[in-house]
Amino acid sequence: MQEDYNVTAIQDKWLPLWDDLKPFDSSRKDDTRPTKYVLDMFPYPSGDLHMGHAEAYALGDVIARYWGQKGYNVMHPIGWDAFGLPAENAAIKRGLDPRAWTYENIAQQKASMRRYACSFDWDRVLQTCDPSYYQWNQWLFLELYSRGLAYRKNSNVNWCPSCQTVLANEQVVQGLCERCDSVVTKKSLTQWYFKVTDYADRLLDDLSQLEGKWPSKVLSMQRNWIGRSQGANIDFAIEGMDQKISVFTTRPDTLYGATFMVLAADSELAQELASATSKEIHEQFESYLEEVKKANDIERLATDRKKTGVFLGHYALNPINDERIPVWVSDYVLADYGTGAIMAVPAHDDRDIEFAKTFDLPVFMVVDTGEEDPAVSGIATSGDGVIVNSGELNGLNKADAISKAIELVEAKGTGKGAKNFRLRDWLISRQRYWGTPIPIIHCDKCGEVPVPADQLPVELPASEGLDLAPKGTSPLGAASDWLNVDCPTCGGRAKRDSDTMDTFVDSSWYFLRFLNPNSDEVPFEKEQAEKWAPVDQYVGGVTHAILHLLYARFFTKVLHDIGMVDFEEPFTRLLNQGMVLMNGSAMSKSRGNLVRLSEQLDIHGVDAIRLTMAFAGPPEDDIDWSDVSPAASAKFLARAWRIAQDVTSKPESNFASGDKGVRKATHQFLSGFKEAIESHKFNVGVAKAMELTNHLRKAIDQGVGPADIAVREGAEELAKALSLFAPYTSEDMWQLLGHKPTVALAQFAEVESELLVEQKGIAIVQIDGKLRDKFEVDVSISEDELRELALSSELVKKTLQGKEISNIIVRAPKLVNIATK
RNA sequence: GCCCCGAUAGCCCAAUGGCAGAGGCAGACGACUUAAAAUCGUCACAGUGUGGGUUCGAGUCCCACUCGGGGCACCA
């Protein structure tokens, strides 16, 4: 009895069965399969899953299911990045409890993932807002604290006036809050930091281990972000004062060309020097500083900005030649990069020459690059050249002069080779409610006191009665029962730290928590880490290229140093899937181009949507939903399904007697398919499955017929391959073919390589690279035979008439190229 | 300004330096059908953004440029 392919029916049929079978349980004690750890970036539970999730999880699932069918015990867990501002903001807006709101969304997403047939191990699940999870955030915080890697300091921090909280450097995009696009301002606050800068060198150098395994784009973004520069710190004495100005420069070779100094207007040293000068200059400085403070990052970053500044009335002495040079302040020097002061070499730096031109300061060329003297042209030169006007450096090139200059200042004791980073320490305090409480108690007598381990977790108090609306201080400050505690050291009255941690702390180590998601003893067991970690394949969006991935790499290195893991990089391979767009732009309600996932699933079925995601193009490319056709995917799945339905042979495993041509197609498919999936060309893998389907259709209708055992072999491998993209259809095909569920555990057949070898092949003959003739040859043909054959071709002879052969290239059995003069 | 990625048929995309086409969409035609849908089959369509170079041979490698996308940027 022939039936129709019914999407809804097979979804309803198989989903409950899989729940019973638990094919993706990775914790079976007697499991001897080799292991793989495949991880999708966990979602933020704001509403139901959307098209972007659908793509990410479809692709992650292809990889996880593939390794499962290759015979691996695959750990493919899922969790929720459940703390954070959106929950809180939604809760404020609707007067709800953020906790209830979050758990409701998690339940909804979980149901959608189950329907979407993600191959998750549902026994390895976590939610970062559970005390059983965040207690380990607190534990890790204290580990970092005890090693001096978590510390508190006062500084001018990034402040989002709309979110009413501080932001990490990484959360400020082009001067705007990455979350709400408000203009970020500066505020002087005492906040907690993680000392990421201690790891800057390792974070940068270890990127080379990931070369070829992570997208090069992400590697370069991380390198840019860490931003290491090599150079020297050089001290300039200040005339008539004990103070020194220390500068960082990447161009110590231009030391003789320094004609003035510039201090960051908002640096402490500027303040000090301004106090030790005439009243008039001091007043000028103060009013300039006011101006500078008013400017926000947007204005400051404007490229055509005029240089401004104030002369401080002081002179510094160039350590290499005792030249007397004036000291200025300006806002183009940043207080928090390098030493907050520079030696200005206008001849060889764009910014410095702009400043020199504005204030009529001297320009003195010390590198002859062959271009016009900057003092004349007004254009700074920064290339390599011959050092001039520089005493003992004269005649050297740039690189040699840099080394020599460092030697000279080191010998004089006025400088040192140094490197500098763009990367800053990670500010982790947040003045918000829905996050992990910082496990520190502030005591007037004892100062900062860590919460003793046996008092962890410091649970978040209920939100009831608290005003969650942003007001610049943490809502927890009003939870007086929770806030006021006895000091663990002296027993006196003390207060808890009322800030919560940046949620990126949660996601910096969650991939390790999946090893023991329910342990109350340890964050994770070392033996489990040895068995599973690091993550073999990580899948997620490129939006996390800097923030999350950098922090996770930092945590991993810290955990390595603590001795908790034996590796230094958390994610061996990384796949960044693209975005799902609609008509060329990101989907959004306000743009009116939102495609609802649930609707798509209702119309086309889960399998068709998943297949469409995989088939749309290379996974890292964006998918424009208007370019793809889920209906076509559904059509193909029905076509494949009918192949399984048409097979009439009984299940057996000896296919040797099957039709050679069909078997060849099957094994060529297998070989190409595996290669495509392993190199993450999922679209090519799908195309190959379509090709096999077309071949089998033809074999059934016009060839060997549905009873040939080779057709069964092809149909079975097709079913297994489709399991990666279309689990429901595939499972149903597997049953039609007389097998028991679940196809997800059925392993791919080994490629029989003798079936891949062709007896005959087409050889082509080119003359000067142009195709002139082709003929069928035996693949074992020798070069000489093929050359003879080519030269005896009538077509070739005709083309060669009147031409002189200069060279004949033979690549048996495929090609002969005859070059003429 | 610096760095990275991309450009192949009407569209989405394939192609270890060796016949430009694997697959799909849209299209044309045919079979089945009273008809349509579904299904099955057949066909057409580009010389690879531009200009150079290397090579017996370049979509593929190199150089310059155009366009599109992304990252960093008063970072010393």
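Convention: sequence-line order gives letters A, B, ...; per-chain numbering from 1. Quick caveat: nothing in here was measured; it's all calculated off a predicted structure.
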Between B:A76, B:C13, B:A15, which nucleotide gets closest to the side-chain atoms of A:Asp621?
-> B:C13
Classify the side-chain pair A:Trp214/A:Gln222 by whether it contains a donor and acceptor separated by less than 3.5 Å.
-> no
Salt-bridged, A:Lys674 to A:Glu717, with N to O below 4.0 Å?
-> no
B:C25, B:G18, B:C19: which one has an atom nearest the side-chain heavy atoms of A:Lys635?
-> B:C25
Write down the distance separating the C1' atoms in B:G17 and B:C61, rounded off to the nearest Å.
-> 8 Å
Proximal nucleotide (of B:C13, B:C56, B:A76) relative to the A:Arg351 side chain = B:A76
Have a look at A:Phe615 and say if it touches a base, only the backbone sugar-phosphate, or nothing, with a 4.0 Å heavy-atom cut-off.
-> base
As its Watson-Crick or G-U partner within any shown strand, both distances under 3.5 Å, B:U8 has none
Aromatic ring pairing A:Phe725/A:Phe673, orientation class (parallel under 30°, perpendicular over 60°, tilted between) = perpendicular
A:Lys217 side chain near B:G69 phosphate (N/O to OP1/OP2, under 4.0 Å) | no
Nearest-angstrom distance, C1' atom, B:G6 to B:U48 = 14 Å
What interatomic distance, in whole Å, is found between P of B:C5 and the corresponding atom of B:G51?
-> 23 Å
Under 4.0 angstrom, heavy atoms only, what part of the nucleic acid is A:Val345 near: base, sugar-phosphate, or nothing?
-> nothing
On a plain distance test, is the side chain of A:Lys814 in donor-acceptor contact with the base of B:C19 below 3.5 Å?
-> no
May I ask you to verify whether the side chain of A:Gln766 and the base of B:G18 hold a donor-acceptor pair under 3.5 Å?
-> yes
Which part of the nucleic acid, if any, lies within reach of A:Ser633 when heavy atoms closer than 4.0 Å are counted: base, sugar-phosphate only, or nothing?
-> nothing
Give the nucleotide from the list B:A76, B:C74, B:A14 with an atom nearest to the side chain of A:Asp331.
-> B:C74
Say whether, by atom type as modelled, one donor and one acceptor occur between the side chain of A:Ser403 and the main chain of A:Ala399 under 3.5 angstrom.
-> yes
Within less than 4.0 Å of OP1 or OP2 of B:C72, is there a side-chain N or O belonging to A:Arg228?
-> no
Under 4.0 Å between any heavy atoms, over every strand shown, what does A:Glu354 touch: base, sugar-phosphate, or nothing? Just pick one.
-> nothing
Checking B:A76, B:C12, B:C25 against the side chain of A:Asp627 (C-beta onward), the nearest is B:C12
Any side-chain donor near an acceptor of the partner, A:Ser229 and A:Asn420, under 3.5 Å = no
Can A:Arg351 and A:Glu354 be counted as an ion pair, charged N to O under 4.0 angstrom?
-> no
For the side chain of A:Arg424, counting heavy atoms from C-beta on, which of B:C19, B:C75, B:G41 is nearest?
-> B:C75
Take atom CG of A:Leu581 and atom P of B:G70, then tell me their distance rounded to the nearest Å.
-> 10 Å
To the nearest Å, give me how far apart OH (A:Tyr332) and P (B:A73) are.
-> 19 Å
Closest of B:G23, B:A76, B:C40 to the A:Asp701 side chain is B:C40
With a 3.5 angstrom cut-off on both distances, give the Watson-Crick or G-U wobble partner of B:U48, or none if there isn't one.
-> none
Once you apply the 3.5 Å cut-off to both distances, tell me the Watson-Crick or G-U wobble partner of B:C13, or none.
-> B:G21
Nearest whole angstrom, please: distance from the P of B:G24 to the CG of A:Asp624.
-> 21 Å
Which base, if any, makes a Watson-Crick or G-U wobble pair with B:G1, both distances under 3.5 Å?
-> B:C72
Are any of A:Asn817's side-chain N or O atoms less than 4.0 Å away from OP1 or OP2 of B:U55?
-> no
Any salt bridge between A:Lys419 and A:Asp201, counting N to O under 4.0 Å?
-> yes
Rounding to the closest angstrom, what is the interatomic distance between B:C75 and B:C65 at atom C1'?
-> 31 Å
First encountered from the 5' end of RNA chain B, between A:Ser216 and A:Ala335 = A:Ser216
Is any side-chain N or O of A:Lys698 closer than 4.0 Å to OP1 or OP2 of B:U42?
-> yes
Whole-Å distance separating the NE2 atom of A:His695 from the C1' atom of B:A22 | 14 Å
Base, sugar-phosphate, or nothing for A:Asn694, non-hydrogen atoms under 4.0 angstrom?
-> sugar-phosphate
For B:G23 versus B:C43, give the span between their P atoms, rounded off to a whole number of Å.
-> 12 Å
A:Pro618 near the nucleic acid: base, sugar-phosphate alone, or nothing, with a heavy-atom cut-off under 4.0 Å?
-> sugar-phosphate
C1'-based separation of B:A31 from B:C25 [nearest Å] = 23 Å
P spacing across the pair B:U60 / B:G24, given as an integer number of angstrom = 27 Å
Hey, does A:Ala687 reach any base, or is it just sugar-phosphate, or nothing, if we go heavy atoms under 4.0 Å?
-> base
Does a nitrogen or oxygen in the side chain of A:Lys306 sit under 4.0 Å from OP1 or OP2 of B:C74?
-> no
Within the structure, does a side-chain N or O atom of A:Asn224 lie under 4.0 Å from either OP1 or OP2 of B:C3?
-> no
Select base, sugar-phosphate, or nothing to describe what A:Ile546 touches, counting heavy atoms under 4.0 Å on all strands.
-> sugar-phosphate
Do A:Asn807 and B:C56 share a donor-acceptor pair, side chain to base, under 3.5 Å?
-> no
Residue matched to B:U60 through Watson-Crick or wobble contacts both under 3.5 angstrom = none
Quick one: label A:Ala616 by what it contacts on the DNA or RNA (base, sugar-phosphate, nothing), any heavy atom closer than 4.0 Å.
-> sugar-phosphate
Could you tell me whether A:Asp646 and A:Arg697 make a salt bridge, using a distance below 4.0 angstrom between a side-chain N and a carboxylate O?
-> yes
Is a side-chain donor-acceptor pair under 3.5 Å present for A:Asp784 with A:Ser782?
-> no
Go through B:A73, B:A14, B:G23 for me and flag the one nearest to the A:Arg422 side chain.
-> B:A73
Pick the C1' atom in B:A44 and in B:G30, then give their distance to the nearest Å.
-> 15 Å
Between atom CG in A:Asp349 and atom C1' in B:C75, what is the gap in whole Å?
-> 11 Å
Decide, for B:G47, between syn and anti: a glycosidic angle within 90° of 0 counts as syn, anything else as anti.
-> syn
When all nucleic acid strands are considered with a 4.0 Å heavy-atom cut-off, which category describes A:Arg223: base, sugar-phosphate, or nothing?
-> nothing
Most 5' of A:Ser220 and A:Asp622 on RNA chain B, judged by nearest nucleotide = A:Ser220
Does the side chain of A:Arg697 get closer than 4.0 angstrom to OP1 or OP2 of B:G41 through an N or O atom?
-> no
The nucleotide from B:A14, B:G24, B:A76 with an atom nearest the side chain of A:Val684 is B:A14
Taking a pair to mean Watson-Crick or G-U wobble geometry with both distances below 3.5 Å, B:U39 pairs with B:A31
Is the ring centre of A:Phe682 less than 6.0 Å from the ring centre of A:His680?
-> yes
